[in-house]
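A quick write-up on the structure given underneath.
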Amino acid sequence: MLWAGRMRLGTFGVLLMLVHTAAAACEFGPSPYRATGIVCRMTKPAALLLNQETAQVIQTAFRNAKFPNITGERSMRLLGKVAYELTNIQVNGLSIERSEVELKENDAIHIAIKNVTAFFKGTLTYGYAGAWFLQLFHSVDFEIESSIDLQINIKLMCQKDQVAADGSDCYLTFHKLKLHLQGDKEPGWLKQLFTDFISFTLKLVLKSEVRSAIACGQRKGWFVSNFVQDKDISIDISLASAPLIKANYLESHHKGLVVYKNYSDVFSDSVFSPSLLTESRMLYFWLSEHNLNSLALAAFLDKRLVLTFRGEKLQIFQGTSYNDSVAKVWSLAHPQISLQPEGTVVKSLVAAEVSIFPAGEEPLMVLYMEKEITVTIQAAYAEKKLILHASNSSIEFKVFKCTADPSGNDLSIRNFLQTMISVAGIPEVISRIELALTSLMNSKGLNLFEIRNPEIITRKGYVIVQLDFSFPNHLLLDFLEKRL
C-alpha cells in the first residue's frame with residue numbers, strides 16, 4: 001500500500017533527502033577522498049529525531065492513501081462459484097505502538113514499525129451461481145481489523161553518480177487480520193468463507209503494494225539532481241566516493257565542483273578524512289577551501305562582485321549633496337580565499353570610483369582608486385541569518401586619482417579614505433554580502449528548519465559547519481504530499 005511506502009519515507013526518507021548518500025554500481029578511484037569537496041555527516045540522534053515523527057506521518061499518509069479494489073472467486077459445493085469484490089476501501093482508524101531505526105554498520109538502515117493497528121472499511125459485493133443456474137448478488141458493508149509489524153532494510157546504492165535507496169528488502173508480519181461483516185448478521189458460513197480467503201488475498205495485496213510503493217517512493221522521492229544551481233552558477237554534487245554507514249552515523253562525499261558556462265572546475269587533492277568530523281552533533285558539513293575559491297571565481301566571472309553606494313555614506317567632498325553622488329565598487333580580479341583557524345582570509349584587488357552630478361552639468365568622476373584589500377572574516381548563523389564579522393583588515397593603494405589632490409601627494413586624503421574604507425566601506429560590503437547569502441540560503445529552504453546552536457569552524461584548508469536541528473512537522477508532511 002502507499003501508506004507503507006510513506007511509513008518508510010516518514011522515517012528515513014527525510015534523512016536520505018538531507019544526506020544524499022549512495023553506494024555501489026558507481027566506479028570511484030583508488031584514493032576515495034581525493035576528489036571530495038563537500039561532505040555531509042548525519043549522526044544517529046538525527047535519525048532518531050526524524051523517527052519520532054513517524055506516527056503522525058503515517059496517519060497523514062493513511063488519510064491520503066488510495067487502496068485498490070480486491071476481487072476473486074471460489075468454488076463451493078452445492079453453491080457453485082462464489083465471486084466477490086471489496087470496493088471503496090479506506091482507513092477508519094490507526095494507532096502505532098512504536099517505531100525504531102537502527103544503523104547497521106556497512107550494511108543497511110533498519111526501520112522497524114511495531115504493532116500498527118489499522119481498521120479498513122468498505123463494501124463487499126458477492127454473488128454465486130447455484131446448481132440450477134440461479135444467480136444471486138448481495139452487498140454488505142465490512143470492516144477489517146489488522147495488526148501489522150513492518151520491517152524495512154534500506155540499502156544505499158549509486159545510479160549515475162546520484163542517490164538510489166533500495167528498500168526491496170521489506171517484510172510484513174500480520175499478527176491479526178479479521179473480517180467483520182455489517183452487524184455480524186450474515187450467515188456464519190458466509191462470514192467464515194470470506195474471512196478465510198479474503199484475508200489471505202488481502203495479505204498478498206498488502207505485501208505487493210508495500211513493495212511497489214517503496215520502489216515508487218525511491219523513483220519519485222529520491223531523484224536528486226547532480227547540480228545545485230543559482231542562475232548560471234552551479235555546483236556538481238555528484239558522488240566522489242562511496243558513503244560510509246557506521247553504527248552512529250551516515251556520511252556521504254560529493255565532488256562540489258563549480259560549473260559556470262564554459263568554465264568547469266577540477267579538484268583532486270582534497271585533505272578530507274572522516275577523522276576530521278566528530279559524532280557529538282546531529283548534522284555536519286565539510287567544505288574545502290578549493291570549492292570556496294572556485295565559487296568566488298564564478299561570482300567574479302558572472303559580474304556579481306559589483307556594488308553601488310548612494311546617500312550619506314558618500315560624505316566625502318564638502319559642498320556636494322549626498323543625493324548627487326554615487327560610488328561604484330568592483331573586483332578587478334577574482335578574490336583569493338584562504339581558510340585559517342582565525343577565520344576566512346579574503347584577499348582582493350578592488351577598484352572604486354566616486355562620481356558627482358552637478359546641476360545642469362555632465363557627471364564628474366572625482367575619485368578613482370585601485371587597492372588591494374585583505375580582511376579576515378568570522379562567520380556565524382543566528383535567528384535564521386548569516387552573520388559576518390570582519391577583522392584584521394589591511395589596505396594597500398595601487399592607483400589613486402582625486403580631483404581634490406591632482407598630484408596624489410596629499411597623505412591626509414589617503415589616510416582619510418583608508419579610514420573611511422575600514423570604518424564604513426568594508427562593513428557596508430560585508431552587510432551586503434550577508435543579505436545576499438542569507439537570501440540565497442533561504443531560497444533553498446534553509447529558513448524552514450529549526451537550527452540549534454550552529455557553529456562555523458574554520459581550519460587550514462577547510463571549514464566545518466556543525467549543528468543540531470528539528471524538522472518542522474508541517475514541512476515533513478508537505479514534502480511527502482508533494483513527492484508521492
Side-chain angles (χ1 to χ4, degrees), residues 33-43 228 233 235 237 240 249 251-258 265 267-300 304-305 331 334-348 350 372-395 422 426-427 429-438 440-441 444 446 449 451-469:
Y33 302 129
R34 300 300 289 174
T36 297
I38 299 174
V39 178
C40 179
R41 174 179 289 188
M42 178 171 282
T43 60
V228 174
I233 300 176
I235 301 176
I237 59 170
Y249 65 85
E251 185 172 282
S252 61
H253 317 100
H254 308 269
K255 296 175 182 176
L257 299 177
V258 175
D265 198 10
F267 185 45
S268 60
D269 57 352
S270 175
V271 299
F272 175 75
S273 168
S275 62
L276 297 177
L277 302 178
T278 65
E279 302 174 19
S280 60
R281 306 299 299 273
M282 295 172 66
L283 186 62
Y284 296 82
F285 293 100
W286 182 96
L287 296 92
S288 73
E289 176 182 286
H290 175 90
N291 294 93
L292 295 180
N293 267 305
S294 296
L295 276 174
L297 173 59
F300 169 74
R304 298 193 187 192
L305 305 182
S331 288
H334 88 271
Q336 300 295 318
I337 296 176
S338 174
L339 295 175
Q340 301 294 335
E342 60 269 22
T344 302
V345 181
V346 181
K347 184 177 182 180
S348 183
V350 176
E372 186 175 82
I373 298 178
T374 302
V375 61
T376 301
I377 300 174
Q378 289 85 30
Y381 187 85
E383 298 180 352
K384 301 186 183 297
K385 295 179 182 179
L386 181 67
I387 301 171
L388 303 177
H389 174 70
S391 63
N392 300 329
S393 61
S394 65
I395 302 169
S422 299
I426 292 176
V429 171
I430 293 295
S431 175
R432 297 281 189 95
I433 295 174
E434 283 179 346
L435 292 174
L437 291 179
T438 298
L440 178 61
M441 291 187 295
K444 306 303 180 183
L446 183 64
F449 291 83
I451 296 177
R452 298 180 181 142
N453 303 319
E455 296 178 272
I456 301 175
I457 303 170
T458 54
R459 295 288 184 262
K460 185 174 177 56
Y462 62 90
V463 60
I464 295 173
V465 180
Q466 57 188 39
L467 55 96
D468 297 325
F469 71 95

If you take all heavy atoms of [X] and [Y], which pair is closest and at what distance?
{"X": "Ser391", "Y": "Val375", "result": "O-CG2, 3.7 Å"}
{"X": "Ser348", "Y": "Ser331", "result": "OG-OG, 3.5 Å"}
{"X": "Ala379", "Y": "Ile456", "result": "O-CB, 3.7 Å"}
{"X": "Ala390", "Y": "Ile430", "result": "CB-CG1, 4.2 Å"}
{"X": "Val258", "Y": "Ser294", "result": "CG2-CB, 3.6 Å"}
{"X": "Pro335", "Y": "Val346", "result": "CB-CG1, 4.1 Å"}

Given side chains that start at C-beta, do those of [X] and [Y] come closer than 4.5 Å, heavy atoms only?
{"X": "Thr43", "Y": "Arg281", "result": "no"}
{"X": "Leu283", "Y": "Cys40", "result": "yes"}
{"X": "Ile337", "Y": "Leu295", "result": "no"}
{"X": "Thr344", "Y": "Leu388", "result": "no"}
{"X": "Phe469", "Y": "Met42", "result": "yes"}

If we check side-chain contact (heavy atoms from CB on, under 4.5 Å) with Thr438, which of these qualifies: Ile433, Leu446, Ile387, Leu386?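 Passing option: Leu386.
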
Between Ser252 and His254, a side-chain donor and acceptor under 3.5 Å: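 There is such a pair (donor and acceptor under 3.5 Å, judged by atom type) between the side chains of Ser252 and His254.
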
So, does [X] use its side chain to make a donor-acceptor pair with the main chain of [Y] at under 3.5 Å?
{"X": "Arg41", "Y": "Thr278", "value": "yes"}
{"X": "Gln336", "Y": "Asn293", "value": "no"}
{"X": "Asn291", "Y": "Gly256", "value": "yes"}

Show your reasoning for whether side-chain contact (heavy atoms from CB on, under 4.5 Å) applies to Ile38 and Ile235. CA-CA 10 Å; Ile38 299 174; Ile235 301 176; 4.2 Å; yes

Check: residues 269-277 side-chain donor-acceptor pairs under 3.5 Å, at least two apart:
from	atom 1	to	atom 2	distance (Å)
Ser270	OG	Thr36	O	2.7
Ser270	OG	Phe272	N	3.1
Ser273	OG	Ser275	N	3.4
Ser273	OG	Ser275	OG	3.1

I need the [X] [atom1] to [Y] [atom2] distance, nearest 0.5 Å.
{"X": "Ile457", "Y": "Leu339", "atom1": "CD1", "atom2": "CG", "value": "13.0 Å"}
{"X": "Tyr284", "Y": "Glu455", "atom1": "OH", "atom2": "CD", "value": "9.0 Å"}
{"X": "Lys385", "Y": "Leu435", "atom1": "NZ", "atom2": "CG", "value": "8.0 Å"}
{"X": "Gln340", "Y": "Glu289", "atom1": "CD", "atom2": "CD", "value": "7.0 Å"}
{"X": "Leu305", "Y": "Leu297", "atom1": "CG", "atom2": "CG", "value": "9.5 Å"}

For atom NZ of Lys347, decide whether the heavy atoms of other residues, nucleotides or ligands shown that lie under 6.0 angstrom number more than 12.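 Incorrect, the count does not exceed 12.
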
According to ring-ring contact (aromatic ring centres under 6.0 Å, His included), who are the partners of Phe300, at least two apart in sequence or on a separate chain?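 Partners of Phe300 under the ring-ring contact (aromatic ring centres under 6.0 Å, His included) test: none.
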
For a side-chain contact (heavy atoms from CB on, under 4.5 Å) check, start with the C-alpha distance between His290 and Asp265, then their side-chain angles and the critical distance, and finish with the verdict. CA-CA 10 Å; His290 175 90; Asp265 198 10; 2.9 Å; yes

